[in-house]
Amino acid sequence: MSDALLAITILWGFVFIYAVMATMDFGAGFWSMVYMKRTKTKATNIANRYLSPTWEVTNTFIVALVVAIYSLFPGAAYTLGTVLLVPGSMILLLLAIRSAFLVFSNIASDYKKPLTIISGISGILIPGLLISVLPITHGDYIDFSDGGQSLNLAKLFTSQNEYAFFGFAVSSTLFLSSLLLADYSKAADEMDAYYVYRRDALMIGPVSLLMGVVIMHTLSLEAAWLYNKMIEDMPILMLSVGLFLLGILALLLPSFTKKGTKGIPRLAVIAVTLQYLAASFVYGKAHLPYMVYPEVTIESGFTDPNSFRAVFATYIAGFAILFPGFVYFWSLFMKDKRYLRQKGSKQPN
């Protein structure tokens, strides 16, 4: 494996980790807004209980992603930074709004409802804007002329592929978050909330799969080079579909731990996460060697080999330190019965 290929693998790993964690995080904020008035099911309480300790951890990965782009691919960073100025600014603005209003919603009780609504809506828009970066890299939306680059916004926002990715991001956010909240509710023994989120996952799951099919269709029309390369890995795409079906089946099977209860949400979360991993592998592999088609490749944007080795060693040391901490945090979060089974309506800070 070449240094450039190893570097883009690291970068894509950051993208996948952030994508999964962020969709669950943003989706939890949206469900907190949706079920704000349904106190009997405690669905909002469950969403907030999950959201409170995770939203700060999730944002560390977007910092790692940005640092990785600029340290590993400085040649591509100029192009990406230039053409993503408008969508990137919108994403940062929504992140700031969502974070601020999320914090204040737990402090300013008199304005809790409007603050929760604003943070919920802004949170569900962020994944759509984040994934809109991908169609931009497919080509035809960037004008390379006179030694500079500019993004053709009019062409981008009239692209079917752009809206297919946006719809896929929103539906996947709601699907993944409802799955995790169902699992979390069951672990917390909040069965009313569990059935609410299980129902949501069963309803939205097929929509996310349909949006994936729509993406493939629009790719065949607007980015045939990428579509044809993805089709070469059809067995892995079929594996992705099979994992999705396993996730849905897991929500319908009888529970092993609670008699009379349907669903094994932990299995569903694992299967669907692996589904997205398989699909993202096919997409990432097909995208190579281009970072921005057809001008910027991983080789042309790659940093100096000596710099890469130094950065790579730093990342290895950093993850050796941080990863056990993340595992410990997650185990406490999902297994600490005192936290899982908090009673009452008090929201965690």
- Query: M191 and D189: side-chain contact (heavy atoms from CB on, under 4.5 Å), yes or no, with the steps?
  - Reply: CA-CA 6 Å; M191 299 311 295; D189 203 27; 4.1 Å; yes

- Among side-chain atoms of S159 and Y141, is any donor-acceptor pair under 3.5 angstrom? yes

- Determine the minimum heavy-atom distance between A7 and F308, stating which atoms define it. CB-CE1, 3.6 Å

- Message: Just to verify, what does L11 make a side-chain contact (heavy atoms from CB on, under 4.5 Å) with, not counting sequence neighbours?
- Response: I8, L65, A68, I69, F73, M291

- Say you draw a straight line from CE of M230 to CD1 of I215; how long is it, rounded to the nearest 0.5 Å? 8.5 Å

- Message: Less than 4.5 Å apart, side chain to side chain, heavy atoms only: is that true for V214 and T218?
- Response: yes

- What pairs of residues pass the side chain to side chain donor-acceptor pair (under 3.5 Å) test when at least one of them lies in residues 85-95, not counting sequence neighbours? none

- Message: Applying side chain to side chain donor-acceptor pair (under 3.5 Å), can you list everything that pairs with T297, at least two apart in sequence or on another chain?
- Response: S300

- Query: If every non-hydrogen atom of A76 is compared with every non-hydrogen atom of V296, which pair is closest and at what distance?
  - Reply: CB-CG1, 3.7 Å

- Can you measure from CZ (R199) to CD1 (I204) and round to the nearest 0.5 angstrom? 9.0 Å

- Query: If we only count heavy atoms from C-beta on, is the Y35 to Y197 side-chain gap below 4.5 Å?
  - Reply: yes

- Item | Closest approach of L5 to T9 (non-hydrogen atoms, all atoms of both residues) | O-OG1, 2.7 Å

- Query: So which pairs with a foot in residues 75-96 pass salt bridge (Lys or Arg N to Asp or Glu O under 4.0 Å), sequence neighbours left out?
  - Reply: none

- Message: Are the side chains of Y163 and P135 in contact, using a 4.5 Å heavy-atom criterion?
- Response: no

- Among D183, L176, L274, find the residue that satisfies the side chain to side chain contact (heavy atoms under 4.5 Å, CB included) test when tested with V269. D183

- Heavy atoms, side chains only, cut-off 4.5 Å: are I124 and F26 in contact? no

- Closest non-hydrogen atom pair, I236 against A278: CG2-O, 3.8 Å

- Can the ring centres of W225 and Y290 be said to be less than 6.0 Å apart? yes

- Mind checking the CG-CD1 spacing from N161 to I136? Nearest 0.5 Å is all I need. 11.0 Å

- Task: Calculate, to the nearest 0.5 Å, the distance between atoms OG and CD belonging to S132 and E162 respectively.
- Result: 4.5 Å

- Centroid-to-centroid, Y315 to F14, below 6.0 Å? yes

- Would you list the pairs meeting side chain to side chain donor-acceptor pair (under 3.5 Å) in which at least one residue belongs to residues 170-182, sequence neighbours left out? W31-S177, S172-Y276

- Message: Please enumerate all residues that pass side-chain contact (heavy atoms from CB on, under 4.5 Å) together with L202, with sequence neighbours excluded.
- Response: R198, I248, L251, L252

- Is there a path of hydrophobic side-chain contacts, each under 4.5 Å between heavy atoms of I, L, V, M, F, W or Y residues, that connects F244 with M234? yes

- Message: Let's go through F157 and L153 carefully: what are the C-alpha distance in whole Å and the side-chain angles of both, what is the deciding distance for side-chain contact (heavy atoms from CB on, under 4.5 Å) to 0.1 Å, and is it a yes or a no?
- Response: CA-CA 6 Å; F157 289 120; L153 289 173; 3.7 Å; yes

- Query: side-chain contact (heavy atoms from CB on, under 4.5 Å) with L94: which residues, sequence neighbours excluded?
  - Reply: S122, L125, I126, L129

- Item | Side-chain donor/acceptor of K186 to backbone N/O of I264, under 3.5 Å | no

- Please identify each residue that fulfils side-chain contact (heavy atoms from CB on, under 4.5 Å) with I131, with sequence neighbours left out. L134, F165, F168, A169

- Query: Can you name the residues that form a salt bridge (Lys or Arg N to Asp or Glu O under 4.0 Å) with K155, not counting sequence neighbours?
  - Reply: none

- Message: Let me check something: do V282 and V213 share a hydrophobic cluster, defined by ILVMFWY side-chain heavy atoms less than 4.5 Å apart, either directly or through other members?
- Response: no

- How many angstroms lie between CZ in F302 and CG in L72, if you round to the nearest 0.5 Å? 7.0 Å

- Between E299 and S2, the two heavy atoms sitting closest are OE2-OG, 4.0 Å

- Message: Show me the pairs that pass salt bridge (Lys or Arg N to Asp or Glu O under 4.0 Å) and involve residues 305-319, at least two apart or across chains.
- Response: D3-R309

- Query: Is there side-chain contact between Y227 and L221, with heavy atoms separated by less than 4.5 Å?
  - Reply: no

- Task: Provide the full list of salt bridge (Lys or Arg N to Asp or Glu O under 4.0 Å) pairs with a residue in residues 63-80, sequence neighbours left out, each pair given once.
- Result: none

- Item | Heavy-atom side-chain proximity of L226 to Y283 below 4.5 angstrom | yes

- Heavy-atom pair of closest approach, residues G205 and S208: O-OG, 2.6 Å

- Item | Non-neighbouring partners of D233 that pass salt bridge (Lys or Arg N to Asp or Glu O under 4.0 Å), sequence neighbours left out | K285

- Side-chain contact, heavy-atom cut-off 4.5 Å: F16 with T273? yes

- Yes or no on side-chain contact (heavy atoms from CB on, under 4.5 Å) for L237 and M216, after CA distance, side-chain angles and deciding distance? CA-CA 11 Å; L237 289 176; M216 293 299 292; 4.3 Å; yes

- Is the number of heavy atoms from other residues, nucleotides or ligands under 6.0 Å of M203 CE greater than 12? no

- Message: Count I, L, V, M, F, W, Y as connected when their side-chain heavy atoms are under 4.5 Å apart, and connections chain through other members. Are L249 and L267 then in the same cluster?
- Response: yes

- Student check: side-chain heavy atoms of T137 and Y293 closer than 4.5 Å: no

- Message: Using modelled atom types and a 3.5 Å cut-off, is there a donor and acceptor pairing between side-chain atoms of S240 and backbone atoms of Q275?
- Response: yes

- Start with the C-alpha distance between H138 and E222, add both sets of side-chain angles, then the distance that settles side-chain contact (heavy atoms from CB on, under 4.5 Å), and finish with yes or no. CA-CA 9 Å; H138 297 166; E222 300 183 18; over 6 Å; no

- Query: What distance separates L253 CG from L246 CG, expressed to the nearest 0.5 Å?
  - Reply: 8.5 Å

